[in-house]
2 protein chains.
Amino acid sequence: MQRTFEIDPWKIVTHDLDKKNKRLQESMTSIGNGYMGMRGMFEEDYSADTHSGIYIGGVWYPDKTVVGWWKNGYPKYFGKVINAVNFDKVNVWLDDLKVDLAKIAIKDFELSLDMKTGILTRRFTVTEQNKNVRFTIQRFVSVTQKELFDVNYRIENLGDQPVTVKVVSEIDADVFNEDANYDEKFWNLQTKEQTSNAGYLIAETKPNNFGTPQFTVGMEMTHKTDLKSVEQPDADQKVVNEFTGKLEAKQAVTFEKRVVVVTSRDYDDEATLKAGMQVLTNKVSDEPYQKLVEDQSQAWAKRWEKADVQITGDDAAQQGIRFNLFQLFSTFYGEDKRLNIGPKGFTGEKYGGATYWDTEGFAIPLYLSLADKKVSENLLEYRYNQLAGAFHNAREQGLKGALYPMVTFNGIENHNEWEITFEEIHRNGTIAYAIYNYTRYTGDETYLKTKGIDVLTAISRFWADRVHWSKRNGVYMIHGVTGPNEYENNVNNNWYTNLLAQWTLKYTLASLKKVSSEKLGELDVSEAEKAQWQDIIDKIDLPEDKKLGIFVQNDCFLDKDLAPVSSIPKDQLPINQHWSWDKILRSPYIKQADVLQGIWYFIDQFPEDVKKQNFDFYEPLTVHESSLSASVHAILAADLHYEDKAVEMYGRTARLDLDNYNNDTVDGLHITSMTGSWLAIVQGFAGMRVKDDTLSFKPFLPKKWTSYQFRINFRERLIEVQVNQSGTKIHLLKGDPLDVKLNGKALNLVGGR
Amino acid sequence: MQRTFEIDPWKIVTHDLDKKNKRLQESMTSIGNGYMGMRGMFEEDYSADTHSGIYIGGVWYPDKTVVGWWKNGYPKYFGKVINAVNFDKVNVWLDDLKVDLAKIAIKDFELSLDMKTGILTRRFTVTEQNKNVRFTIQRFVSVTQKELFDVNYRIENLGDQPVTVKVVSEIDADVFNEDANYDEKFWNLQTKEQTSNAGYLIAETKPNNFGTPQFTVGMEMTHKTDLKSVEQPDADQKVVNEFTGKLEAKQAVTFEKRVVVVTSRDYDDEATLKAGMQVLTNKVSDEPYQKLVEDQSQAWAKRWEKADVQITGDDAAQQGIRFNLFQLFSTFYGEDKRLNIGPKGFTGEKYGGATYWDTEGFAIPLYLSLADKKVSENLLEYRYNQLAGAFHNAREQGLKGALYPMVTFNGIENHNEWEITFEEIHRNGTIAYAIYNYTRYTGDETYLKTKGIDVLTAISRFWADRVHWSKRNGVYMIHGVTGPNEYENNVNNNWYTNLLAQWTLKYTLASLKKVSSEKLGELDVSEAEKAQWQDIIDKIDLPEDKKLGIFVQNDCFLDKDLAPVSSIPKDQLPINQHWSWDKILRSPYIKQADVLQGIWYFIDQFPEDVKKQNFDFYEPLTVHESSLSASVHAILAADLHYEDKAVEMYGRTARLDLDNYNNDTVDGLHITSMTGSWLAIVQGFAGMRVKDDTLSFKPFLPKKWTSYQFRINFRERLIEVQVNQSGTKIHLLKGDPLDVKLNGKALNLVGGR
């Protein structure tokens, strides 16, 4: 655990420029608006360790795969949301002193991300060379005008001597990705033009050999300042504007840079893109800065009104949940159905901003409750639209049906480790499960019957081909898989995978009964095929140990040396940073919920003692070194009345990044697992379930807290749940009356408090 | 199967310039002298698909590893014997016509590698532009002067018109490895100098980040010809000499290029290297070409005298065994104890010319019989000298003792797939087994007691730490391994691996009783340690299926769909070129002998019915897609009197490259598995064994053959075995009388025929 920011219910704030943990601070102060986002690097050059990263949703590059030894079925490229053309660069000189916070003396530093508004503020006073100049710098990516980035400098001379201020603002196409496989750069400059106080630059992603689209981005900067512009010579890969002026003692000046960012995702060709960029530039130029800030604040306020979770009695917990919701919404608010939710959002390069099963497993349950129904439907459609890619992936392995990818932008598998690529196929089950989850929550079967059924049928065909009949055992088996626990690879009969395969087949058979005859004709599922699916449902191996009363994670698991996590010396944790991969694979330690993930998915279908025995067996073996682990354990612990364990697990999921639990937040935030803290509160502490069209709650209040409350959408209603020491209150804020259950008892909600 | 060369008992010859299979022809006509070697590319530029490759033993570069996702315990670099500075380049113009066999019209082509002498001859007549010019080009790397490469052109104008001949000879440092991980070049030019008819060039391998040595090579060329030299301008990365002359009708001219190649492996610094290069150049310059050819022929004749295997009645079989012995000796004849035997020798880049367990498993049994005892001892010492690396490899995995590498130059693991790197640990058993094999064959325990015991103890300590106690089953297990069958990865309790682990511990305990008390003190094996080893010996899991009467390859193997190889459609073979890796891993198909490899190692210790049941079970599941598979099957089939199967398997091993069985000879020859054909004849058909200090034979004659005979060294004797339709004759050609067994009966060999 490493806490570099202060506890504050609404802010991510520090007064320490922590040079050793600069990258960690940058990850934590990332901002985004769904369309684009950036890490919290400084605008000015910082001549020590830093990671400058700006990313634009859906603008990616297929980087040629690196593998030890390429074999048939391996993906050919690894897609990456690439580090965009750098448009936030601003450098400042005070007389001859370059403002480089890695080098010069400063005081009164503050870095503060206001989650209420999405505005990042940085303050410091330069004291080098006996100067006394105060900087206040605010930046944001606009939620109301998604193409707009704004950074505003206020520079105040607190000293007694005049200071000459020089500001150089740039857009620079010479950027690279730290995770480029072959140290290549990914951008080609197309055109650029600069005047004395504005400039634009259009760049294109490099051509590739894989037939995936190239992207063009256009960026135009304008400036508002009382400083005087100074014509600059043409620079190689960038546009540059310089401004200068004299600041008398006690005098202040402001300098605002606005950048409009457009891409070929929204414009057909370079000419319309350029025209569109200029229209937008003109539009935003008219707005006063204060108006932009107000719009931004109001837009975030609206989001919070629907989604805020309030906790009293534990500010750290409060800060955690807000930070998670803030970063989630900054990454994805459902506005663009072509996009999805990358595990690192716009906050880093590792995992490449691509789409993982995290979306269906962890994000959709949250968006179902916190956003318009359409948002979740868009996320489902994203997969429907990528069916062709999923068919391709299965075909590459010589299999029928659809195999959804582990990592993708376009439906084609991108991951470059075989033990994941074609072994971690449980993801296919979660894609199916999300359709069920959406249908169950919304009560609306339209999507299921029109598009969902195509996906379900294709996935079922995959499972039916991927199993094999083991004559010796008289069962169907699934060999050669990796479960959610990636600390075991290439195992046989992973209980979770087999369960999801069986469940998908069952759900598909049941759903086929509901669709139109026209649709049935299209799907063309023969009676023989259905019979085969039923046979697999009936005879699939679901390993169990009767004596221990548990489901067995996979064949041979119980042959291991089953010492609990508590026996590992503390200084060897996390094991993935201290142990060889060999030692990890052979150990019994579980990276993230595996059997328990399956129990969570179908939490109402297992008897309490079964849930308990499995939890008691697996939890002590789990190291939670995936960010997706703690939330599942929090929910199950709450379900089993292990309240302390539930609260402990909540702490890990809510403050995973804030407290850098897994010592890897330096690479970026764990965006998709940020849903976990919300799930832990809502499904865990409040025990929310939807079963047979009925919403129910079984809340408890963590000991340390004095209250918590949250709001959810449910079938055209807005509902508020308040839990405090005197009990639970459920309010229907909007919509028609509704019957719910509270602690097993029926409750009729009517409008008003 | 693809046969591109003619059947000939002593030659690898073709009269077809097969442009589609140019690389295959190049692999097949590779030459080498242990010190250096080259593929059979032409001297002249060939403007179509070709792979020019020259390699110098022990001159390697650590190329930064490519892996999908680096984890602790993965190697940092992959060592490669790199494509050397290109010194064989010669270009010829006839008037304005450049001799480029990819383009110009020729007739009477012949490419012929004479295995009696190691000389590669190429003949063709240029007919383009109505010319009629005959070329005869001979080249060899000298066996008597290892630094010498010689190529000799005879150009004869058969036409009626005079022709102007221009010859340009070069040494070029601008070369690249096709298998470079990051498309980097590996050479830096240091110095060069050229006169009008000679030149030298000194280059160094690039610096690296891994602390492995850089190598310097020096190459000096001189020429003998009646053509006139023409001064050439200085070229960038090369030295160039040009010669020209007029060839009247019916006139011929010769052009000979000699290159001396020296390296920093033999010289301390650049000055001594340069001096040494010039001394050698002067030395070889004095020799007439015919003398060099005679020396070469005599040296090869001596080798054949000791090692030739003669087969009558089957020229294809005869050619196969000679080709294999020829290429093996070209790669390694035991002269330099710092070198080992790369799986592709000097014939290609894949597998990088590094050291694999092939040496101990397959090559030492041959060298024990065909070369001086010292050669095998040198090969054992190579591992002894790399103990530090083996300790390092184990430590990287968090384990005690020594883990010999899968791929290495210096003892440090180089392979870049985790499923091999730290899982294919059975290799450690073979390193130990080779010490036993050497001791058993030579009857000399000196090596065992002085150096071998250090290696055995270190390996035993590794095994003792690598097993784990499975409480549930009351046995020691070895999880997370890959057996010799690389078509399954990350399996548990591979019978072969567990057997070798058990055997190593047993053999080490027994050997410890033989060593000096001083040595015992050094080794410091405690009583507790010995007791632990004994406990593992007693309680290690050796999976067996009593009902089937077989050893089980590994846990879960029998759960697979066990359809035999004969059920795979022919057009899907080899499966590694047609199936996804996913499909292969889940299939029951065995790449190479696994259980059967263990049975071969201890062939006299298993009852016949056990051997038979295992062979009958596993052979039909084996695809033999490793070149190391067929020989083991040939030996076991012979042992079990499956004579047809033995002969079929011999054919596959003997002509693996000549008939391109696995469709991959294009990448280079399968050098280390070339021992297999010899093993198949000697251990298989002739049934040679050494047990309790006694040499024994149980020969049979393959139906198609009329006779075969071979010679072996055994304990200071040279013995010849002749098998024909009337029986077997064994002659003691050199050395003291010896008792051997023939078909179970004692036989006293005395000198003479």
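Each chain gets a letter, A, B and so on, in the order the sequences are listed, and its residues count up from 1. All of these numbers come straight from a predicted model, not from anything done at the bench.
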Heavy-atom distance under 4.5 Å to chain B: side chain of [X], backbone, both or neither?
X        : result
A:Leu585 : side chain
A:Lys471 : neither
A:Glu396 : backbone
A:His578 : backbone
A:His479 : both
A:Asn493 : neither

Between [X] and chain A, with a heavy-atom cut-off of 4.5 Å, which part of the residue counts as in contact: side chain, backbone, both or neither?
X        : value
B:Asn492 : side chain
B:Gln577 : backbone
B:Leu399 : side chain
B:Asp541 : neither

Rounded to the nearest 0.5 Å, how far apart are [atom1] of [X] and [atom2] of [Y]?
X        : Y        : atom1 : atom2 : answer
B:Asn473 : A:Asp559 : CG    : CG    : 4.5 Å
B:His468 : A:Leu562 : NE2   : CG    : 8.0 Å
B:Glu419 : A:Asp582 : CD    : CG    : 12.5 Å
B:Arg472 : A:Leu548 : CZ    : CG    : 6.5 Å
A:Trp69  : B:Trp581 : CH2   : CH2   : 11.0 Å

Exercise for the section: Provide the closest heavy-atom pair for B:Ser580 versus A:Gly73 in the form atom of the first, atom of the second, distance. Expected result: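 Closest approach of B:Ser580 to A:Gly73: CB-CA, 4.3 Å.
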inquiry  = If we ignore hydrogens and angles and just use 3.5 Å, is the side chain of B:Asn490 paired with the main-chain N or O of A:Asn489 as donor and acceptor?
reply    =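 It does hold such a pair.
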B:Lys400 atom NZ, neighbour heavy-atom count above 12 within 6.0 Å =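 For B:Lys400, atom NZ is not crowded (no more than 12 foreign heavy atoms under 6.0 Å).
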query: Would the number of heavy atoms belonging to other residues, nucleotides or ligands and lying under 6.0 Å from NZ of B:Lys185 be above 12?
result: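 Yes, because the 6.0 Å sphere around NZ of B:Lys185 holds more than 12 heavy atoms from other groups.
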(request) May I ask you to name which of B:His415, B:Arg466, B:Glu423, B:Met477 has the most heavy-atom pairs under 4.5 Å with chain A? (result)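 Of B:His415, B:Arg466, B:Glu423, B:Met477, B:Arg466 has the most heavy-atom pairs under 4.5 Å with chain A.
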* To do: Pick whichever of B:Thr65, B:Asn181, B:Val67, B:Val491 has the most heavy-atom pairs under 4.5 Å with chain A.
  =>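 Highest number of pairs under 4.5 Å: B:Val67.
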Strictly by modelled atom types, are B:Glu417 and A:Trp418 linked by a side-chain donor-acceptor pair under 3.5 Å?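 No, no side-chain donor-acceptor contact under 3.5 Å.
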